[in-house]
Amino acid sequence: MTEIRLTNTRTRKKEAFVPIDPANVRMYLCGPTVYDRAHLGNARPVVVFDVLFRLLRHVYGPDHVTYVRNFTDVDDKINATALARKEAGAPGTLEELIRARTEETIGWYHADMDALGALRPTQEPRATDYIGAMISMIADLVEKGHAYARDGHVLFRVRSYTEYGALSGRSVDDMIAGARVEVAPFKEDPMDFVLWKPSDADLPGWDSPWGRGRPGWHIECSAMSHALLGASFDIHAGGIDLQFPHHENEIAQSCCAHPEGQFARYWLHNEMLQVEGKKMSKSLGNFFTVRDLLDRGIPGEVIRFVFLQTHYGKPMDWTAEKAAQAEATLRKWRALGAGIDPAPSAAPEVIAALCDDLNTAGAIAALHRIADPAVLVASARLLGLLEAGMGDWAAAPEADLSDLAAKLADLRVKAMDTKDFAPVDALKSALVAAGVEVRMSKAGVELLPGPNFDAAKLEGL
RNA sequence: GGCGGGUUGGCGGAGAGGUUACGCAGCGGAUUGCAAAUCCGUGUAGACCGGUUCGAUUCCGGUACCCGCCUCCA
């Protein structure tokens with residue numbers, strides 16, 4: 001059995017990956033809050049852990065991996081959008097408008113992530129479908145003394161979980177010293193976080209033992225991962241910015257509610273995507289969406305390639321230059337592999353690189369060294385590149401240039417005699433300006449439409 | 001203030017305690033009427049200062065700078 005090694009944030013070490021049950025390897029990735037188009041930063045964990053999903057399927061078999069990625073469809077930004085639509089006169093109840101907004105956003109998300117070549121997870125639970133499970137879990141935490149109700153809120157009692165802070169390497173006292181926590185009168189301790197909060201008439205809400213309200217953000221991942229993957233599962237992944245407080249809180253909730261389980265055994269965190277050296281973030285306002293790039297003509301496969309050129313554990317700067325280089329490389333490889341059946345298996349160097357903590361940059365380096373196109377295609381596909389369904393963008397434009405080729409050849413033959421090459425060069429320049437690649441050799445003239453081919457510029461030649 | 005990550009040749013970016021990373025660009029050559037494409041060849045890299053070692057860019061310690069988390073965020 002191929003050994004996969006992964007950097008486990010929980011232990012801060014690169015460890016051999018040993019699944020609880022090789023017949024059902026289980027992975028959970030924190031998914032998007034569906035209030036708007038996914039920005040480019042949202043796409044990094046999707047692509048990175050898609051490669052992990054593919055690798056796990058390769059090693060354990062396609063039917064032996066369960067990959068869960070949630071949709072957070074309870075969120076104040078969604079509520080705000082729906083409320084704004086309602087106030088603008090949109091028909092339907094607030095709940096219906098919220099549903100419509102999240103349905104719309106999920107559709108966008110799927111389209112955008114599909115364009116990046118990400119496989120759909122095995123399951124994509126929506127938070128609103130698990131409210132009952134969350135309420136039960138919260139009630140259980142209250143029962144066990146790990147949570148308390150105050151004024152319609154339910155709060156997790158951080159001091160009741162001695163391991164709190166282990167994942168992110170901080171202590172409760174240090175964090176309080178940092179004094180960046182929301183102080184609220186109903187909290188026993190400033191670090192306590194919300195499991196349930198009351199909803200007024202303008203907000204979506206569900207009936208609960210604590211009145212009509214809605215869940216806090218962290219509880220959904222604990223409830224859904226437990227429902228779909230059990231009290232112990234293999235991998236929990238997400239962006240490094242979720243390490244604290246989101247994942248810390250998930251661990252606290254899950255381990256206190258299900259002390260019989262271990263929750264997630266391997267924690268994987270990807271570093272942030274940057275743009276011009278800064279993190280892409282909503283508060284900085286420097287973010288753009290995946291759709292923005294796709295609309296600008298940058299193929300999803302190119303975005304994917306750029307992502308995978310940097311190890312997931314390092315910050316990655318998005319630049320136009322990288323995209324251009326990636327596009328050139330992919331064009332070359334696609335031309336090389338056109339019409340070729342992939343080899344039965346990927347190159348061992350590529351598999352070895354991926355098994356070494358998902359070294360996608362190393363894997364791409366190995367791809368450059370593969371001489372056999374069939375092996376190249378098979379190996380690239382393990383990374384989700386050179387897939388059959390993604391390559392239309394790289395196909396040469398259809399054009400019949402045989403008349404022009406004949407004309408150029410004729411001019412050239414004449415020029416050989418007269419030694420006046422000006423007419424040949426004039427036609428050649430015009431062709432190049434129209435995006436045609438001109439190849440002249442002793443054997444003859446060949447014209448190939450290139451990436452920037454523009455048939456309109458050929459008129460009159 | 002607390003916690004964490006980073007710093008490699010013109011650019012991007014890996015691995016390995018001692019031998020060419022790789023890609024792109026550049027340069028030289030083959031080829032071409034000239035080019036393009038292709039092929040061949042080509043790099044004075046490892047932030048700084050110490051330490052361990054026969055030997056460190058690779059391990060350890062410190063310094064500087066950059067970045068992230070601690071607040072919605074992937």
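FYI, side chains are in, hydrogens and waters are out, and symmetry mates aren't considered; it's all heavy atoms of this structure. Naming: A, B, ... by sequence-line order, numbering from 1 per chain.
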Lys/Arg-Asp/Glu bridge criterion (N-O < 4.0 Å) met for [X], [Y]:
X	Y	answer
Glu103(A)	Arg126(A)	yes
Arg5(A)	Glu3(A)	yes
Asp112(A)	Arg37(A)	yes

Sticking with atom [atom1], work out how far [N] lies from [M], rounded to a whole angstrom.
N	M	atom1	value
G41(B)	U7(B)	C1'	32 Å
G51(B)	G12(B)	P	32 Å
U53(B)	C60(B)	C1'	12 Å
C48(B)	C39(B)	C1'	43 Å
G13(B)	A45(B)	C1'	12 Å
G10(B)	U44(B)	C1'	13 Å
C3(B)	U19(B)	C1'	41 Å
G15(B)	G9(B)	P	16 Å

Side chain proximity check, His218(A) to Pro245(A), heavy atoms < 4.5 angstrom: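 When only atoms from C-beta onward are counted, Pro245(A) and His218(A) do touch, with a gap below 4.5 Å.
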Side-chain heavy-atom pair Arg381(A), Pro342(A) within 4.5 angstrom cut-off: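 Arg381(A) vs Pro342(A): side chains touch.
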Ring center gap for His247(A) and His269(A) short of 6.0 angstrom: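 Aromatic pair counts; centres sit under 6.0 Å.
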Near-ring test Tyr67(A)/Tyr28(A), centroid separation under 6.0 angstrom: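 No - the distance between ring centres of Tyr28(A) and Tyr67(A) does not fall below the 6.0 Å cut-off.
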Nucleotide opposite [N] in a Watson-Crick or G-U pair, distances under 3.5 Å:
N	value
G61(B)	C49(B)
G43(B)	none
G9(B)	none
C69(B)	G2(B)
U20(B)	none

Using a heavy-atom cut-off of under 4.0 Å over every strand shown, decide if [X] touches base, sugar-phosphate, or nothing.
X	result
Val424(A)	base
Asn359(A)	sugar-phosphate
His269(A)	nothing
Gly41(A)	base
Ile364(A)	nothing

Can you see whether [X] engages [Y] through a side-chain donor-acceptor pair at a distance of less than 3.5 angstrom?
X	Y	value
Arg26(A)	Thr66(A)	no
Glu250(A)	Ser222(A)	no
Gln325(A)	Thr329(A)	no

Looking at [X] and [N], is any side-chain donor or acceptor paired with a base atom of the opposite kind under 3.5 Å?
X	N	answer
Asp317(A)	G12(B)	no
Lys77(A)	C72(B)	no
His39(A)	A74(B)	yes

For atom CG of Asn270(A) and atom C1' of G68(B), their distance in whole Å: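 It is 12 Å, rounded to the nearest whole Å.
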Separation of C70(B) P from Leu242(A) CG (nearest whole Å):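 So the two atoms are 10 Å apart, to the nearest Å.
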Does a side-chain N or O from [X] land closer than 4.0 Å to OP1 or OP2 of [N], or not?
X	N	result
Lys442(A)	U32(B)	yes
Lys322(A)	C24(B)	no
Thr310(A)	G13(B)	yes

CD1-SG distance between Ile251(A) and Cys221(A), expressed to the nearest 0.5 angstrom: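 Spacing of CD1 (Ile251(A)) from SG (Cys221(A)) equals 12.0 Å.
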Contacts under 3.5 Å, N or O only, protein and nucleotides 4-6 of chain B:
none

Below 3.5 Å between N/O atoms, which protein atoms pair up with nucleotides 37-43 of chain B? Just atom names and distances, please.
from, atom 1, to, atom 2, distance (Å)
A37(B), O2', Arg439(A), NH2, 3.3

